[in-house]
Amino acid sequence: MTTQNGRVRDAVTTARRVVVKIGSSSLTTATGGLADERVDTLVDTLGRLTAEGREVVLVSSGAIAAGLAPLGLPRRPRDLATQQAAASVGQGLLIGRYASSFARHGRTVGQVLLTVDDVTRRVHYRNAYRTLRKLLDLRAVPIVNENDTVATQEIRFGDNDRLAALVAALVHADLLVLLSDVDALWTGDPTNPHSTRIAEVRDDADLAGITIGRAGRSGVGTGGMVTKVEAARIATGFGIPVVLTAADLAAPALAGEPVGTLFHPQRRRPTARLFWLAHATSPRGRLHLDPGAVAAVVGRRKSLLPAGITAVDGSFTAGDPVDLVDTAGASVARGLVNYDAVELPGLLGRSTSELAAALGPAYEREVVHRDDLVLL
């Protein structure tokens, strides 16, 4: 995985399964609408990868931006309903444009719209993985986007950088490439003559003292360098190398040339679904644990039982993510809860055998099973 300036990056050239993310500003005009030549340029680069026998998953922003011009909207709307309307119009235009462009390379595309629930709840996660895996097996190119039309949480999140990192983990990618309107990570504002390009990042120490911009330049996207660095942290934490560069440098970047910034991966890969649980979800509530329960969950990796819970916060239903907090209120783990919030108060402090005897065998189960729990 090591590399030096001026040499081909082995981490890129040996990657067989590649996730590529492209932002709205790299696909659309400043006033909305798709820039056909930009789409074709990207697809030509990705088409060459597939011709080499490499698998490609494309995470594409641009649905809301693509819907602006057809709806007569001069700029990206602020209100949620209009954002959803623009996404509804733009998503069809976006996938249609990709379909026609990839057809020039003899490739079929498949649209995959995801929400957080699709990759945290066990059954949904398996379905999402199987769909992406089957599309790749059939030599199709999955085009992934957040389900902006109906999923309010995704629009509030506002960018696909994190989604791309999590999709890379979901499909066990060998490489993630983040394309935007900035050619690399810089020590400061790229327009400042005193700023320098950062060629490689091996750990957080390499980011010390760096000023990271928060906003894009185009007005149609919503991400900035902050979201891209966070996405790189997520992916490298799953053992996936990341290249961050500009969309017009996609071809040399994917050829292994030392453009942009290469983020080196950590060696150990955690379980993919629990990785999603830790990084993609927001807790719907909190379960307060006594010291014994904290020791069991954190120290011995045990399931959480009703007897170890002292209090419940929030409004959630079975299957939702909740945080497990210690006596100081610090979150120590996150898990998928097996009970509704209204059920739990009557179960606290009681053993599962006691609950089964009093309420029936359905209550002889964990509040959070260890297979659905990740330490924070």
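Hydrogens, waters and symmetry mates are skipped; everything else that's a heavy atom, side chains included, is used. Note that the structure is a prediction, hence the values are computed from the model and not measured.
Checked for salt-bridge contact, Arg233 and Asp204 meet the test: a charged N lies under 4.0 Å from a carboxylate O. The pair Lys228-Asp161 meets the salt-bridge criterion, since a charged nitrogen lies less than 4.0 angstrom from a carboxylate oxygen.
Residue Arg350 qualifies as enclosed at atom CZ: its count of foreign heavy atoms under 6.0 Å is above 12. Enclosure of atom CZ in Arg301 is not indicated, since only 12 or fewer non-hydrogen atoms of other residues, nucleotides or ligands lie within 6.0 angstrom.
Side-chain atoms of Ser195 and Asp189 include no donor-acceptor pair closer than 3.5 Å.
The side-chain contact (heavy atoms from CB on, under 4.5 Å) check on Ala251 picks up Thr45, Arg48, with sequence neighbours excluded. Under the rule for a salt bridge (Lys or Arg N to Asp or Glu O under 4.0 Å), Glu366 has no partner lying at least two apart in sequence or in another chain. Take His105 and apply the side-chain hydrogen bond (donor to acceptor under 3.5 Å, both in side chains) test, not counting sequence neighbours, and it matches Asp44. In this view, Ser100 and Arg97 satisfy the side-chain hydrogen bond (donor to acceptor under 3.5 Å, both in side chains) rule, not counting sequence neighbours. Among residues two or more places apart in sequence or in another chain, the ring pair (Phe, Tyr, Trp, His ring centres under 6.0 Å) test is passed with Phe275 by Phe238, His279. Every residue two or more places apart in sequence or in another chain that forms a salt bridge (Lys or Arg N to Asp or Glu O under 4.0 Å) with Asp323 is listed here: Arg334. Remark: Ser351 engages Ser353 in a side-chain hydrogen bond (donor to acceptor under 3.5 Å, both in side chains) (not counting sequence neighbours). Partners of Arg130 according to the side-chain hydrogen bond (donor to acceptor under 3.5 Å, both in side chains) rule, which considers only residues two or more places apart in sequence or in another chain, are Asn127.
Relative to the ring axis of Tyr98, Arg107 does not place its NZ or CZ within 45° and under 6.0 Å from the centre.
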Under 3.5 Å, which donor-acceptor pairs link side chains of residues 134-145 to any protein atom two or more places apart or in another chain?
unit_1: Asp137; atom_1: OD1; unit_2: Arg133; atom_2: NE; d: 3.0
unit_1: Asp137; atom_1: OD1; unit_2: Arg133; atom_2: NH2; d: 2.9
unit_1: Asn145; atom_1: OD1; unit_2: Asn160; atom_2: ND2; d: 2.8
unit_1: Asn145; atom_1: ND2; unit_2: Ser60; atom_2: O; d: 3.3
unit_1: Asn145; atom_1: ND2; unit_2: Gln91; atom_2: OE1; d: 3.0

Side-chain donor/acceptor pairs under 3.5 Å, residues 340-348, sequence neighbours excluded:
unit_1: Asp340; atom_1: OD1; unit_2: Ala318; atom_2: N; d: 2.8
unit_1: Glu343; atom_1: OE1; unit_2: Asp340; atom_2: N; d: 3.1
unit_1: Glu343; atom_1: OE2; unit_2: Tyr363; atom_2: OH; d: 3.4

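In terms of heavy atoms, Ile240 sits closest to Ala173 at CG1-O, 3.5 Å. Here the closest non-hydrogen pair linking Leu373 and Leu274 is O-CD1, 3.6 Å.
By the 4.5 Å side-chain criterion applied to Ile, Leu, Val, Met, Phe, Trp and Tyr, Leu113 is assigned to no cluster and stands alone.
The salt bridge (charged side-chain N to carboxylate O under 4.0 Å, His left out) contacts involving residues 302-317 comprise Arg286-Asp313, where partners must be two or more places apart or lie in separate chains.
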